[in-house]
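I have placed the structure first, in the form of structure tokens, so that the comments after it can refer back to it.
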2 protein chains.
Amino acid sequence: MPTPERTSLDAIVEAARTIVESQGLAQLTMQAVAERVGVRAPSLYKRVRNRDALVQLVTEATLLDLERDLAAVEVVPEPGRMLAGLAHALRAFAHAHPVTYHLIFTSAPAPGGPDPDLLARVAAPVLRVAAELAGPAHALEAARTVTAWAHGFISMELAGAFNLGGDVDTAYEYGLTRIATALASPA
Amino acid sequence: MPTPERTSLDAIVEAARTIVESQGLAQLTMQAVAERVGVRAPSLYKRVRNRDALVQLVTEATLLDLERDLAAVEVVPEPGRMLAGLAHALRAFAHAHPVTYHLIFTSAPAPGGPDPDLLARVAAPVLRVAAELAGPAHALEAARTVTAWAHGFISMELAGAFNLGGDVDTAYEYGLTRIATALASPA
DNA sequence: ACCTGAACACCGTTCAAGT
DNA sequence: ACCTGAACACCGTTCAAGT
């Protein structure tokens with residue numbers, strides 16, 4: 001005789017995201033998630049293989065949100081300004097979801113990592129501007145350069161690595177304009 | 001009546017580094033460390049406050065090694081080539097110690113993070129080239145730009161985030177020369 | 001003064017038993 | 001078909017008792 005479902009995969013992932021973001025990855029226990037969705041810990045295993053898989057689901061949900069935010073950046077004709085829009089959107093996203101942002105770049109395509117198609121969709125807008133700035137022949141390398149810089153900057157910022165004083169916002173703008181012009185100048 | 005010491009703080013940290021690097025952070029258990037140094041887990045608490053403190057000690061030991069490697073980079077007159085030397089040394093270090101490298105940039109100056117003096121010493125060579133390239137007025141921002149790019153690149157590389165094909169070494173060289181010239185050109 | 005076994009609270013995960 | 005309590009193995013950590 002069927003028992004009515006008392007929760008759902010979506011509710012579980014949502015609960016996990018909330019816990020991770022508000023209390024850190026270490027506090028993401030199966031018991032905490034279970035309590036939040038109103039069920040006992042063993043029941044979670046009906047919908048999620050194990051804790052690692054749940055972390056993976058949280059990562060993919062975060063990637064979907066990031067894809068949405070980057071796709072929503074207003075398209076402007078000048079590639080330099082377009083790049084700035086994407087860079088600021090990425091940084092704003094990271095500030096809004098610091099823990100899950102860190103998850104995205106940490107648990108990359110391990111065995112069972114995020115869907116490669118999803119990763120490609122997230123990267124698409126950056127690849128587009130990179131091609132405009134550096135030319136199609138160098139699009140991939142240029143995209144990797146900007147992405148590496150932006151992610152490195154943001155992750156160091158979130159980790160508190162910029163502790164020698166100076167204005168962090170200014171440093172972000174400085175790096176952004178330097179890189180934009182560097183990629184735009186002829187090889 | 002005193003009991004002879006059966007291990008030392010150094011041996012404990014060394015054991016922890018070996019475990020972390022060969023099996024990952026999750027496998028760094030107090031029991032695994034204890035077994036490796038020939039003692040029972042509770043004895044570790046005579047020399048280390050707790051597991052978090054041990055991770056912190058591993059991080060600082062790694063930073064010391066990185067400081068040594070960066071300080072050992074041959075000094076050359078052209079700042080562009082000097083920057084390349086530092087960038088390659090950093091990447092080589094990360095490839096040799098991927099897990100502990102990740103630790104460095106992750107557990108930054110949290111409450112009880114690494115010694116700020118040590119962090120400053122590690123950053124010193126980069127700050128020096130940055131000042132030469134971009135001028136003293138922009139040294140800090142320039143240093144942050146290169147460091148962010150290099151760290152971002154390396155951490156994405158280690159996470160397997162460069163999965164769209166293309167040669168990763170080439171992309172590193174591409175980004176390096178672009179950034180070096182960008183920082184050297186007048187504001 | 002250092003080391004240990006025993007103990008505690010807390011994990012992730014499995015499974016037989018309920019409905 | 002889903003949910004649960006009980007159980008297991010395994011953590012980190014404390015502490016009284018040994019030497």
Side-chain angles (χ1 to χ4, degrees), chain A residues 1-61 99-100 103 106-107 110-113, chain B residues 1-61 99-100 103 106-107 110-113:
Chain A
M1 194 180 301
T3 306
E5 314 194 345
R6 256 165 248 193
T7 184
S8 68
L9 182 58
D10 272 8
I12 290 170
V13 174
E14 230 21 68
R17 290 179 81 176
T18 307
I19 292 168
V20 158
E21 205 55 80
S22 63
Q23 314 179 40
L25 190 56
Q27 305 304 316
L28 179 66
T29 69
M30 298 304 270
Q31 312 212 19
V33 174
E35 184 176 6
R36 201 160 232 282
V37 300
V39 105
R40 299 291 184 167
S43 301
L44 299 177
Y45 292 84
K46 278 287 156 178
R47 334 215 175 238
V48 167
R49 189 160 24 95
N50 55 27
R51 184 182 180 275
D52 280 354
L54 179 54
V55 173
Q56 192 59 241
L57 289 170
V58 168
T59 303
E60 297 208 345
V99 185
T100 45
L103 234 47
T106 239
S107 82
Chain B
M1 192 181 301
T3 306
E5 315 196 346
R6 257 163 249 194
T7 183
S8 67
L9 182 57
D10 273 7
I12 290 170
V13 174
E14 227 24 65
R17 290 179 81 176
T18 307
I19 292 169
V20 158
E21 206 54 82
S22 63
Q23 314 179 41
L25 189 56
Q27 305 304 318
L28 179 66
T29 69
M30 299 303 270
Q31 312 212 20
V33 174
E35 184 175 5
R36 201 160 232 283
V37 299
V39 106
R40 299 292 184 167
S43 301
L44 299 178
Y45 292 83
K46 279 285 156 181
R47 335 217 175 234
V48 168
R49 189 159 25 92
N50 55 26
R51 184 181 179 276
D52 281 354
L54 179 54
V55 173
Q56 193 59 243
L57 289 170
V58 168
T59 303
E60 297 207 347
V99 184
T100 45
L103 235 47
T106 240
S107 82

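Heavy atoms only: backbone and side chains are in, while hydrogens, waters and symmetry mates are out. Naming convention: chains lettered A, B, ... in sequence-line order (proteins, then strands); numbering from 1 in each chain.
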What is the distance, rounded to the nearest whole Å, between atom [atom1] of [X] and atom [atom2] of [N]?
X	N	atom1	atom2	result
A/Glu35	C/dG12	CD	P	13 Å
A/Gln27	D/dG12	CD	C1'	14 Å
A/Leu44	C/dG12	CG	C1'	11 Å
B/Asn50	C/dA9	CG	P	20 Å
B/Gln31	C/dG5	CD	P	12 Å
A/Leu54	C/dT13	CG	C1'	14 Å
A/Leu25	C/dC11	CG	C1'	14 Å
B/Ile12	C/dC3	CD1	C1'	12 Å

By nearest atom, which of the nucleotides [options] is closest to the [X] side chain?
X	options	value
B/Ser43	D/dG12, D/dC3, C/dT4	C/dT4
A/Arg6	D/dC11, C/dC3, D/dT4	D/dT4
A/Lys46	D/dG12, D/dC2, C/dC3	D/dC2
B/Arg40	C/dT4, D/dA6, C/dC3	C/dT4
B/Val39	D/dG12, C/dC2, C/dC3	C/dC3
A/Tyr45	D/dG12, D/dT13, C/dG12	C/dG12
B/Thr29	D/dA6, D/dC11, C/dC2	D/dC11
B/Pro42	C/dC3, D/dA6, C/dG5	C/dG5
B/Ala41	D/dT13, D/dT4, C/dT14	D/dT13

Pair partner, D/dG5 [Watson-Crick or wobble, under 3.5 Å]: C/dC15
Would A/Val55 and A/Val58 count as a side-chain contact (heavy atoms from CB on, under 4.5 Å) here? Give the steps. CA-CA 5 Å; A/Val55 173; A/Val58 168; 5.5 Å; no
Donor-acceptor contact present, side-chain B/Glu21 to main-chain B/Val99, <3.5 Å: yes
N/O donor-acceptor pair under 3.5 Å between A/Arg17 side chain and A/Thr100 backbone: no
Inter-residue atom distance B/Gln56.CD - B/Arg49.CZ, 0.5 Å rounding: 9.0 Å
Pairwise distance OG1(A/Thr18) to CZ(A/Arg36) - rounded to 0.5 angstrom: 5.0 Å
Considering every strand and a 4.0 Å limit on heavy-atom distances, what is the contact class for A/Leu28: base, sugar-phosphate, or nothing? sugar-phosphate
Give one of base, sugar-phosphate or nothing for A/Arg49, where a contact means two heavy atoms less than 4.0 Å apart. nothing
